[in-house]
Amino acid sequence: MSVPNKILNQSGISLLVAATSLFSCSTKKDKQEGEKQPNIIFIMTDDHASNAISCYGSNLIQTPHIDRLAKEGIKFENTYAVNALSGPSRACILTGKFSHVNGFKDNQSGAFDGDQQTFPKILRENGYQTAMIGKWHLITEPQGFDYWCILSGQHEQGDYYTPDFIENGRHITEEGYVTDVITDKVINFIDNRENDKPFMIMYHQKAPHRNWMPAPRHLGVFNDTSFPEPDNLFDDYSHRGRAAKEQDMSIAHTLTLDWDLKLLTRQELLNDTTNRLYSVYKRMPEKVQQKWDSVYAGRIAEYKSGRLQGEELVRWKYQQYMRDYLATVLAVDDNIGRLLAYLEEKGELDNTIVFYTSDQGFFLGEHGWFDKRFIYEESQRMPLVIRYPKSIKAGSVSRALSMNVDFAPTFLDMAGIDIPEDMQGVSLKPVLANAGEIPPDWREAVYYHFYEYPGEHSVKRHYGIRTADFKLIHFYNDVDEWEMYDLKKDPKEMVNIFDNPEYNKERGELIQLLRNIQSVYKDESFKDNNI
Ligand code: SGN
Ligand code: CA
């Protein structure tokens, strides 16, 4: 059993970084003879902001089934992606290691090294039957699974309608709506599983990823709804640096009229079959196309009337964005309800750890944006709720600073399996076992490093930390700018206080803490590159 690896920053604050604590390192020996290992269903959606989940206080949507998981389990309020982008987040989750260690730093310049150690491989070696179903997005074939079926269309993002998959190496196309199809496959896997083994399923939805195409049953459901706007929808970035000013992810300028806002009539689509929207429209059955046409007709007419200009147009775009995005979330939640009902009926619900998260957060108009990538709260923060009544007290809430690299060690720990020493995350089991309370010696900060620049949406490279009260960020590469936020006073991160003399003391401590963390996690590229 390893001793907590504590580091003291200059102010003497302890920092639990890599090692496992006395509670978190359970070994095979700890397991009682004959004790049943839990099943694990790891539900992960793509780009689901906490602000679009009702148990996180959303004023936009009701998600009763995700709420049920929280009500009967635990909700984490401070779980963070360490690199808020799909492929990198997935690689961190599989390996329990940061991007610079697992090697998959961005979506555009490489493939995941599938030969390395991952938690599904370890579970499988320890008697689990394992499956990966849905969005994978790591370019190389999945390893460590008895069954895998991954989305293949749209550069592995998948299609909302009539989606293409690769199933154990074979290319297939399925009829139906992607969120339903993926869930059918999960239920089918459980139905046909080997009964003498526990199972672990990575159940990874495409939704609510761009370009936000709702299920047939949800087309138009929010047409008459007007969603509350975030109060910083018209942020002018006047108290921040170049990164915020030079991004390309704004509702005003980046959202496209065709792909995102869907402002093309059927006739216009048929006349321009090279348009990307046509490539997804044509995948819908004719009946669905008819419903689509009638639902979007009003929106198209409104836009074409030409009366929308300036701020009013931005407000209007925000409403359309929310209508589509939130309608795709409805199907995610429906299907969780369907899965929970199925597990209940089979008597498996209470033997199963049901884990809900998203690969990162997402901007829903805050700062005028959609997308993610930034270390700012809406994007860095991940929803995380876990139901497992055997060891989690119903209704627990935790503010423990946690990261996606903690998931792999948590799964292994919950299954009673040794956590490899080289995993950089720590098990959340002690938090789960103690109704969400933060264990003594818990970490003081979470770490972040984003690399995909130059790239889509033009978010500059940066790294940083988030403590309970502050955030410190360094943007580098074609810029050298620091930002710091007082999260208690300024939770929306509107005013950079890095150069505010009132915060000199905290600034020094945070820089020291950041450098300590980088040293422990072995992310010291800033030394060589002067970043
Ligand atoms: C696509 C989207 C981007 C998105 C990336 C990464 N463009 O390229 O808006 O940031 O995926 O998302 S789209 O025109 O294809 O919709 S991620 O979640 O997979 O990292
Ligand atoms: Ca994503």
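Treat the numbers as computed from the prediction; the structure is a model and nothing was measured. In listed order, ligands and their atoms are each counted from 1. Sequential numbering from 1 along the given sequence is applied to the chain's residues.
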Taking [X] first and then [Y], would you say they form a salt bridge - that is, a charged N and a carboxylate O separated by under 4.0 Å?
X: R90; Y: D46; answer: yes
X: K492; Y: E366; answer: no
X: D47; Y: R210; answer: no
X: K460; Y: E483; answer: no
X: D159; Y: K282; answer: no

The Ca ion (ligand 2) - number of protein N/O/S atoms closer than 3.0 Å: 5
Contacts of A297 meeting side-chain contact (heavy atoms from CB on, under 4.5 Å) (sequence neighbours excluded), chain-then-number -> none
The side-chain contact (heavy atoms from CB on, under 4.5 Å) partners of E311 (sequence neighbours excluded) come to F234, R315
Answer yes or no for K185 and F165: cation-pi contact, defined as NZ/CZ to six-membered ring centre under 6.0 Å and angle to ring axis within 45°. yes
Check each protein residue for a heavy atom under 4.0 Å from ligand 1 and list those that pass, ordered by chain and number. D46, D47, L85, S86, N107, K135, H137, Q157, H209, R210, W259, R276, D359, Q360, D371, K372, R373, E456, H457
Is the closest side-chain heavy-atom distance between N168 and F145 below 4.5 Å? no
